[in-house]
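Working notes for the structure below.
Letters A, B, ... mirror the listed sequences (proteins, then strands); counts begin at 1. Just so it is clear, the model here is predicted, and its values are computed rather than measured.
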Amino acid sequence: MNVQNEMKLSFLSNSVNEAFARTAVTSFFTQLDPTLDELTDIKTAVSEAVTNCIVHAYRDTIGPIQIVARVLENNTAYIKVKDRGCGIEDVKKAMEPLFTTAPEEERAGLGFAVMESFMDTLRVFSTPGKGTSVVMKKKLTSRVRHG
Amino acid sequence: MNIQINASDELVTVYLTGEIDHHSAGEIREEIDRSLESNRPKQLVMDFKNVGFMDSSGIGLVMGRYKLMQTMNGDVKIINTPNHIKKVMKLAGLDKLAAIE
Ligand SMILES: Nc1ncnc2c1ncn2[C@@H]1O[C@H](COP(=O)(O)OP(=O)(O)OP(=O)(O)O)[C@@H](O)[C@H]1O
Ligand SMILES: [Mg+2]
C-alpha cells in the first residue's frame, strides 16, 4: 500500500513512556482529521501494545521499543509496535481473550482483545527469544477537507 | 493521577482523576486497598468522572477491587463513566460484575 506519510519513534521500556507513546502516535494521526472516538480507539490500542512490551517482553529488564506510524491511502492509519524482548511461544493462545501469563499482577488478559476490537486489523509476529511485532490498521472516516 | 477517598464503614467512595494505565495503576491500587482494609465497607464506589483515559490495566484494577470487596461480602459500583471508558469496561464484561452508571 502506498505510504503517504511516516514517523518513527524509539524509546526505552520505562512505564512512564506509556503515556508519551500513545499521545505521540495520536498526535501524528490528527492530520487525518479523525473523530475523537477514532483517536481514542487508536490511543487505547497503542497503549495496550506498548504496555505489553514493558510488562511482558522486557519483564525483568529495560529494552528498546520502536513504533512506526504511517498514513496509507484511503485515510488508513498503520501502526507497528516492535520489541526485541522474550517473544511469544504460542501467539494464537496469547491472543485469546482472558489469557494472561501474569494474573498475579492483576492483568486481565484483554490487551489483544482491546486492540482487535478498536482497530480494523491486528497481526502479531513473534519469535521466542527474539521479539514481537504488532501491526494494526484502522481506516478513519474521511471528513470534509478544509482549503 | 490524583485520587481522593471518602471513607466510612458503610461506604468507601474513590474519586479518580487523570489517566489509568499500567504506570499509574499500582499506586491507585495501593491507596484504595489501604482504605478498604481499614474500613471494610459494604460498598466501594468508583467515580470515573475525571478519568480521561483508561486501558486494560484499568480493567485489572477494577476486577481486583471487585475480588477484594467480595472477600468482605461487599460490592462495587462504578459511577459517572465517560462513554469511551464504558466501551472498554463492556468489552471486558465488567458490567456483569459491577453496576456501571
Ligand atoms: N510484546 C510481548 N512480548 C512477550 N509476550 C507478550 C507480548 N505481548 C503479549 N504477550 C503475551 O500475551 C499475553 C496476552 O496479552 P494481553 O495484552 O492480551 O493480556 P495481558 O497483557 O496479560 O493483560 P492485560 O493486557 O489485560 O493487562 C500476555 O500475558 C503475555 O504472555
Ligand atoms: Mg496486555
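Remark: A:Lys80 fails to qualify as a cation-pi partner of A:Phe125 under the 6.0 Å distance and 45° angle criteria applied to the six-membered ring.
Using a 4.5 Å cut-off between heavy atoms, B:His22 contacts chain A through both its backbone and its side chain. Within the 4.5 angstrom heavy-atom criterion, only side-chain atoms of A:Thr51, from C-beta onward, approach chain B. Contact annotation for A:Ala19: both backbone and side-chain heavy atoms come within less than 4.5 Å of a heavy atom of chain B. Both the backbone and the side chain of A:Ser47 come within contact range of chain B, with heavy atoms under 4.5 Å apart. Neither the backbone nor the side chain of A:Asn14 comes within contact range of chain B; no heavy atom of the residue lies under 4.5 Å from a heavy atom of that chain.
Here A:Val16 is the residue among A:Val16, A:Leu98, A:Leu110 with the most heavy-atom pairs under 4.5 Å with chain B. Counting heavy-atom pairs closer than 4.5 Å to chain A, the top-ranked of the candidates B:Leu91, B:Ile59, B:Leu61 is B:Leu91. In terms of heavy-atom pairs under 4.5 Å with chain A, the best-connected choice from B:Gly26, B:Ser56, B:Ser24 is B:Ser56.
The hydrophobic clustering, which links ILVMFWY residues whose side-chain heavy atoms are closer than 4.5 Å, places B:Leu11 and B:Met72 apart.
Contact of the A:Gln66 side chain with the A:Lys8 side chain is registered, since non-hydrogen atoms from C-beta on lie closer than 4.5 Å.
Heavy atoms of other residues, nucleotides or ligands lying less than 6.0 angstrom from CD of B:Glu27 number 12 at most.
Residue A:Val71 forms a side chain to side chain contact (heavy atoms under 4.5 Å, CB included) with just one option from A:Leu140, A:Val3, A:Asn2, A:Leu32, and that option is A:Leu32.
A salt bridge is defined here as a Lys NZ or Arg NE, NH1 or NH2 lying under 4.0 Å from an Asp or Glu carboxylate O, and B:Asp21 with A:Arg22 meets this definition.
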